[in-house]
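For reference, the structure is listed below as structure tokens.
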Amino acid sequence: MNIEPASRHELSELGEFGLIDLLTKDITLANKSSLVGVGDDAAVIDNKGKLTLVSTDLLVEGVHFDLTYTPLKHLGYKAAVANISDIVAMNGVARQLLVGLSVSSRFPVEALEELYGGIRQACKVYHVDLVGGDTTSSVKGLFLSITVIGEVEPADVTYRNTARENDLICVSGDLGAAYMGLLLLEREKAAFQGDPNMQPDLEGYDYILERQLKPEPRTDIVRLLKEAHVKPTAMIDISDGLGSEILHICKGSKLGCRIYEEKIPIDPTTISMAEVFGIGPWTAALNGGEDYELLFTIGQTDFEKVRSIPGISIIGHMTDLAQGAHLVASDGALVEITAQGWNALRK
């Protein structure tokens with residue numbers, strides 16, 4: 001639960017331009033392609049000989065995040081990381097970032113410094129330049145838009161619609177942990193609302209909480225694949241759940257798939273928490289979302305190369321379209337995969 005800072009300065013004391021100056025002071029540019037950043041009418045970027053990648057997300061308080069249990073610094077970090085992950089999923093490298101912010105007067109200056117602190121920390125970790133954005137007021141709540149610009153060599157760019165029949169399906173890391181972290185936070189929020197004097201019961205759950213509040217894009221997997229001379233035939237990041245993402249690949253590539261339940265990597269903490277909530281661990285992995293792992297396909301000739309890379313699991317294969325998209329349960333039964341992950345427009 002967020003704690004008000006000891007000192008509070010109203011946004012009206014600074015005004016829009018004073019706020020921009022405060023939040024973007026001391027920014028230095030790290031990428032040669034960043035010619036001009038904050039301070040002009042537009043950023044200037046030079047991407048000679050490379051493809052430019054652009055990804056943007058709009059996050060709305062009460063829809064995409066809950067400030068009851070989300071520290072503002074973590075929110076800023078996660079918002080940046082989510083877009084960096086989209087660039088990674090194209091087999092590219094993020095270079096520049098822009099921030100759009102609409103905020104009500106209920107937030108003091110110090111709160112926005114925390115938010116930007118998280119964004120700038122993500123930029124520092126992943127060598128991304130914060131080059132601009134916009135701020136405005138809102139009648140209620142916080143709205144945050146992040147745009148990330150990246151680059152990729154034309155020969156390296158990887159799409160989600162280029163998988164081939166019989167390709168192997170791979171995933172990085174483990175799945176379902178972020179969703180379990182969210183359910184845990186929601187449980188403790190409900191308990192707090194029932195009794196404001198209670199202390200949240202979060203001990204022993206650091207892993208799933210970090211996966212929810214402070215995810216990381218898998219830039220390391222892209223690097224390891226390149227070092228192994230493996231180019232995925234298709235790739236996507238897992239923001240909306242394994243089920244939704246594999247269906248994107250299937251639809252775009254006009255193929256079916258088989259994913260094996262016993263092959264899906266799931267952390268023991270995720271399994272134990274799923275049991276607490278009465279959820280099958282593979283259900284959490286398929287439908288949870290916000291893991292920001294990479295889901296990709298490779299040719300069978302790359303099997304040995306990929307099998308030797310730590311942190312990658314081979315979980316299935318692509319089939320012809322007529323066979324549909326199915327999970328093969330541990331008892332051999334076929335379960336149709338449906339898109340039950342996050343949908344911002346679902347009522």
Side-chain angles (χ1 to χ4, degrees), residues 64-66 69-70 74 77-78 81-82 85-86 88-89 169-190 201-218 220-221 235-250 257-297 310-316 325-331 333-344 346:
H64 301 98
F65 58 89
D66 189 331
Y69 51 71
T70 306
H74 285 72
Y77 190 93
K78 182 175 180 178
V81 157
S85 181
D86 284 334
V88 173
I169 301 170
C170 307
V171 68
S172 65
D174 59 81
L175 305 180
Y179 181 52
M180 288 300 100
L182 176 62
L183 291 187
L184 175 60
L185 289 168
E186 287 287 348
R187 184 188 74 180
E188 296 307 302
K189 173 188 173 182
D201 181 17
L202 303 175
E203 186 175 351
Y205 298 114
D206 292 357
Y207 181 69
I208 60 175
L209 290 172
E210 184 172 0
R211 293 281 282 175
Q212 169 57 217
L213 296 174
K214 189 177 176 290
E216 305 290 353
R218 297 310 303 265
D220 59 323
I221 295 297
M235 187 155 60
I236 191 170
D237 74 329
I238 301 178
S239 57
D240 300 327
L242 174 61
S244 292
E245 311 304 358
I246 192 60
L247 288 179
H248 282 310
I249 291 178
C250 287
C257 72
R258 292 285 188 275
I259 289 179
Y260 295 86
E261 176 187 350
E262 60 187 19
K263 299 293 186 181
I264 298 174
I266 302 177
D267 186 81
T269 307
T270 301
I271 294 173
S272 62
M273 184 53 64
E275 291 173 351
V276 169
F277 285 105
I279 298 173
W282 64 267
T283 300
L286 281 171
N287 304 324
E290 294 195 300
D291 291 306
Y292 297 104
E293 296 291 347
L294 291 175
L295 173 67
F296 59 96
T297 56
I312 295 178
S313 300
I314 298 173
I315 62 172
H326 290 91
L327 176 78
V328 181
S330 55
D331 61 3
L334 293 182
V335 181
E336 184 179 2
I337 297 174
T338 58
Q340 297 182 25
W342 169 253
N343 182 342
R346 182 183 295 141

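Keep in mind it's a predicted model, so treat the numbers as computed, not measured.
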*Got Ile271 and Glu275 here, is their nearest side-chain heavy-atom distance under 4.5 Å?*
yes
_Looking at every non-hydrogen atom in both residues, tell me the closest pair between Ile246 and Cys257 and how far apart they are._
CG1-SG, 3.7 Å
*So how far is it from Thr270 OG1 to Asp174 CG, rounded to the nearest 0.5 Å?*
5.5 Å
*Side chains of Lys263 and Val328: closer than 4.5 Å at any heavy-atom pair?*
no
_Heavy-atom pair with the smallest gap, counting every atom of Thr269 and Asp267_ = N-OD2, 2.9 Å
*Quick one: closest heavy-atom pair of Tyr207 and Ala177, and the distance?*
CE2-CB, 3.9 Å
_Distance in Å, Ser313 OG paired with Ile264 CD1, rounded so as to fall on 0.5 Å steps_ = 10.0 Å
*For the side-chain contact (heavy atoms from CB on, under 4.5 Å) test, which of Leu334, Leu327, Ile315 pairs with Arg258?*
Leu334
_Could you check whether any side-chain heavy atom of Leu183 comes within less than 4.5 Å of a side-chain heavy atom of Met273, counting everything from C-beta outward?_
no
*Verify side chain to side chain contact (heavy atoms under 4.5 Å, CB included) between Asp66 and Leu185, making sure each step is shown before the conclusion.*
CA-CA 10 Å; Asp66 189 331; Leu185 289 168; over 6 Å; no
*Considering only heavy atoms from C-beta outward, does the side chain of Phe65 approach that of Lys78 to under 4.5 Å?*
no
*Is there side-chain contact between Val88 and Leu294, with at least one heavy-atom pair below 4.5 Å?*
yes
*Would you please say whether a donor-acceptor pair under 3.5 Å links the side chains of Glu293 and Ser172?*
yes
*asked:* Nearest 0.5 Å, please: how far is CD in Glu290 from CZ in Arg211?
replied: 11.0 Å
_Between Asp291 and Gly176 (side chain of the first, backbone of the second, donor and acceptor by atom type, cut-off under 3.5 Å), is there such a pair?_
yes
*Should Glu245 and Ser239 count as side-chain neighbours, where that means a heavy-atom distance under 4.5 Å?*
yes
*From Glu261 atom CD to Leu286 atom CG, the distance as rounded to the nearest 0.5 Å*: 8.5 Å
*asked:* Please determine whether side chain to side chain contact (heavy atoms under 4.5 Å, CB included) holds for the pair Tyr69 and Glu188, giving the CA-CA distance in whole Å, both sets of side-chain angles, and the decisive distance to 0.1 Å.
replied: CA-CA 9 Å; Tyr69 51 71; Glu188 296 307 302; over 6 Å; no
*Is there a side-chain contact between Ile169 and Thr297, using heavy atoms and a 4.5 Å cut-off?*
yes
*Where is the tightest heavy-atom contact between Pro215 and Val81, given as atom of each residue plus distance?*
O-CG1, 3.5 Å
*Taking all atoms of both residues into account, what is the closest heavy-atom pair of Ala82 and Tyr292, and its distance?*
CB-OH, 3.6 Å
*asked:* So, taking the atom named CZ in Phe277 and the one named CE in Met180, what distance separates them when rounded to the nearest 0.5 Å?
replied: 7.0 Å
*Looking at CD1 of Ile259 and CD1 of Ile314, how far apart are the two atoms once the value is rounded to the nearest 0.5 Å?*
13.0 Å
_Does Phe296 have more than 12 heavy atoms from other residues, nucleotides or ligands lying within 6.0 Å of its CZ?_
yes
